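The first residue of the sequence shown is numbered 1, and numbering continues consecutively from there. It should be emphasised that the depicted structure is a prediction, and the values quoted were computed from it without experimental measurement.
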Amino acid sequence: MAEQGFLSRFSAPEIRAWMQRQREAKLDEERRERERQRDEREALRRAFQDRDIPPDALERLMLMVRRAAADGENEVMVLHFPSAWMKDSGRSITSGQDDWALYLDGFAAKAHAFYRRELEPRGFGLRVAILDYTDGMPGDVGIFLSWKEAGAG
């Protein structure tokens, strides 16, 4: 019997209407997913902005450096974040400007101040790089702590 009801509604206009409802449902789901992802990115950025240097930062760094040095490395990545979180979206890094640190914001600026205060006087160096490019635009920024001798290859 249920099949009889279906057959009476079986028509090209009914199929087109069903297809339109399916497209609209898919577009709604995609929109909700984009909004969810946007909200998640905004929450991560707020957390990054508000984050402080932990009291045991120096001890954590010492362990990271010791592990990397034991593996024969001369540097370790200590921070990475989207270049969009910089005041200039990473342009100062891609253009090789020496004043790239002026464009840091939030936790990255706090981390750089920590470096200047605690690590630079101990002889450590800092290297910054764009880690990837998406559609030709800078992606993540990587900040590396180095203990390589100046001028060493």
Side-chain angles (χ1 to χ4, degrees), residues 14-153:
E14 184 65 30
I15 296 298
R16 286 191 298 271
W18 177 82
M19 289 175 69
Q20 182 62 31
R21 288 190 302 272
Q22 296 293 51
R23 278 191 296 270
E24 289 170 358
K26 183 177 180 182
L27 290 173
D28 283 346
E29 179 59 33
E30 290 171 353
R31 179 187 49 74
R32 283 191 296 277
E33 178 61 18
R34 281 191 309 274
E35 288 172 355
R36 185 195 65 74
Q37 289 176 357
R38 183 200 65 222
D39 292 347
E40 187 174 295
R41 282 190 308 272
E42 288 174 3
L44 285 172
R45 181 158 188 178
R46 280 191 306 276
F48 183 80
Q49 290 297 102
D50 296 340
R51 183 177 170 195
D52 286 319
I53 303 295
D56 64 341
L58 206 52
E59 291 83 10
R60 290 182 189 191
L61 284 168
M62 183 182 71
L63 290 173
M64 286 176 66
V65 167
R66 191 169 283 167
R67 276 193 295 263
D71 290 339
E73 301 295 328
N74 291 315
E75 69 178 10
V76 64
M77 185 166 56
V78 292
L79 184 61
H80 77 279
F81 56 92
S83 62
W85 293 359
M86 288 183 68
K87 295 173 188 172
D88 71 344
S89 298
R91 283 185 285 284
S92 57
I93 297 171
T94 60
S95 61
Q97 290 179 241
D98 290 335
D99 65 349
W100 58 267
L102 297 175
Y103 300 95
L104 295 175
D105 202 15
F107 182 71
K110 294 172 190 174
H112 187 265
F114 177 83
Y115 161 77
R116 296 295 304 258
R117 184 178 64 251
E118 297 290 338
L119 302 170
E120 190 175 42
R122 296 169 192 252
F124 288 97
L126 206 61
R127 182 175 71 84
V128 64
I130 299 295
L131 301 176
D132 57 13
Y133 289 84
T134 304
D135 298 325
M137 299 301 292
D140 281 355
V141 172
I143 298 181
F144 299 82
L145 185 65
S146 171
W147 49 95
K148 184 167 50 172
E149 284 189 62

* Starting from the C-alpha separation in whole Å, work towards a yes-or-no answer on side chain to side chain contact (heavy atoms under 4.5 Å, CB included) for Ile130 and Val141. => CA-CA 5 Å; Ile130 299 295; Val141 172; 3.9 Å; yes
* Asked: Is there a side chain to side chain contact (heavy atoms under 4.5 Å, CB included) between Glu40 and Gln37 once you walk through the steps?
  -> CA-CA 5 Å; Glu40 187 174 295; Gln37 289 176 357; 5.5 Å; no
* **Step-by-step side chain to side chain contact (heavy atoms under 4.5 Å, CB included) determination, Met64 to Leu145** => CA-CA 10 Å; Met64 286 176 66; Leu145 185 65; over 6 Å; no
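For residues 116-145, no pair satisfies ring pair (Phe, Tyr, Trp, His ring centres under 6.0 Å), with sequence neighbours left out. A salt bridge (Lys or Arg N to Asp or Glu O under 4.0 Å) check over residues 91-111, counting only residues at least two apart or in different chains, returns the pairs Asp52-Lys110. Under the side-chain hydrogen bond (donor to acceptor under 3.5 Å, both in side chains) criterion, the residue pairs touching residues 70-82 are Glu75-Arg127, with sequence neighbours excluded. Screening residues 57-68 for salt bridge (Lys or Arg N to Asp or Glu O under 4.0 Å), with sequence neighbours left out, gives Asp56-Arg60.
We find that Arg32 and Glu29 are joined by a salt bridge, their nearest charged nitrogen and carboxylate oxygen being less than 4.0 Å apart. Under a 4.0 Å N-O distance rule, the pair Glu33/Arg36 qualifies as a salt bridge.
With rounding to the nearest 0.5 Å, the separation of CG in Leu79 from CZ in Phe114 is 12.5 Å. To the nearest 0.5 Å, atom CH2 of residue Trp85 and atom CG of residue Leu44 are 5.5 Å apart. With values rounded to the nearest 0.5 angstrom, Gln20 atom CD is found 4.5 Å from Arg23 atom CZ.
The shortest non-hydrogen separation linking Leu131 to Gly142 is CG-N, 3.6 Å. Of all heavy-atom pairs between Tyr103 and Ser92, the closest is CD1-OG, 3.5 Å.
Although no hydrogens or angles enter the test, the distance criterion places a donor-acceptor pair under 3.5 Å between the side chain of Ser83 and the main chain of Gly139.
Partners of Arg34 according to the salt bridge (Lys or Arg N to Asp or Glu O under 4.0 Å) rule, which considers only residues two or more places apart in sequence or in another chain, do not exist here. Remark: Phe81 pairs with Phe48 by the ring-ring contact (aromatic ring centres under 6.0 Å, His included) rule, at least two apart or across chains.
Counting heavy atoms from C-beta on, the side chains of Ile143 and Tyr115 never come closer than 4.5 Å. Side-chain contact between Met19 and Gln22 is absent, with no heavy-atom pair separated by less than 4.5 Å. Looking at Trp100 and Asp88, their side chains never come closer than 4.5 Å, going by heavy atoms from C-beta outward.
When each of His112, Glu120, Glu118 is checked for a side-chain hydrogen bond (donor to acceptor under 3.5 Å, both in side chains) with Arg116, only Glu120 meets the rule.
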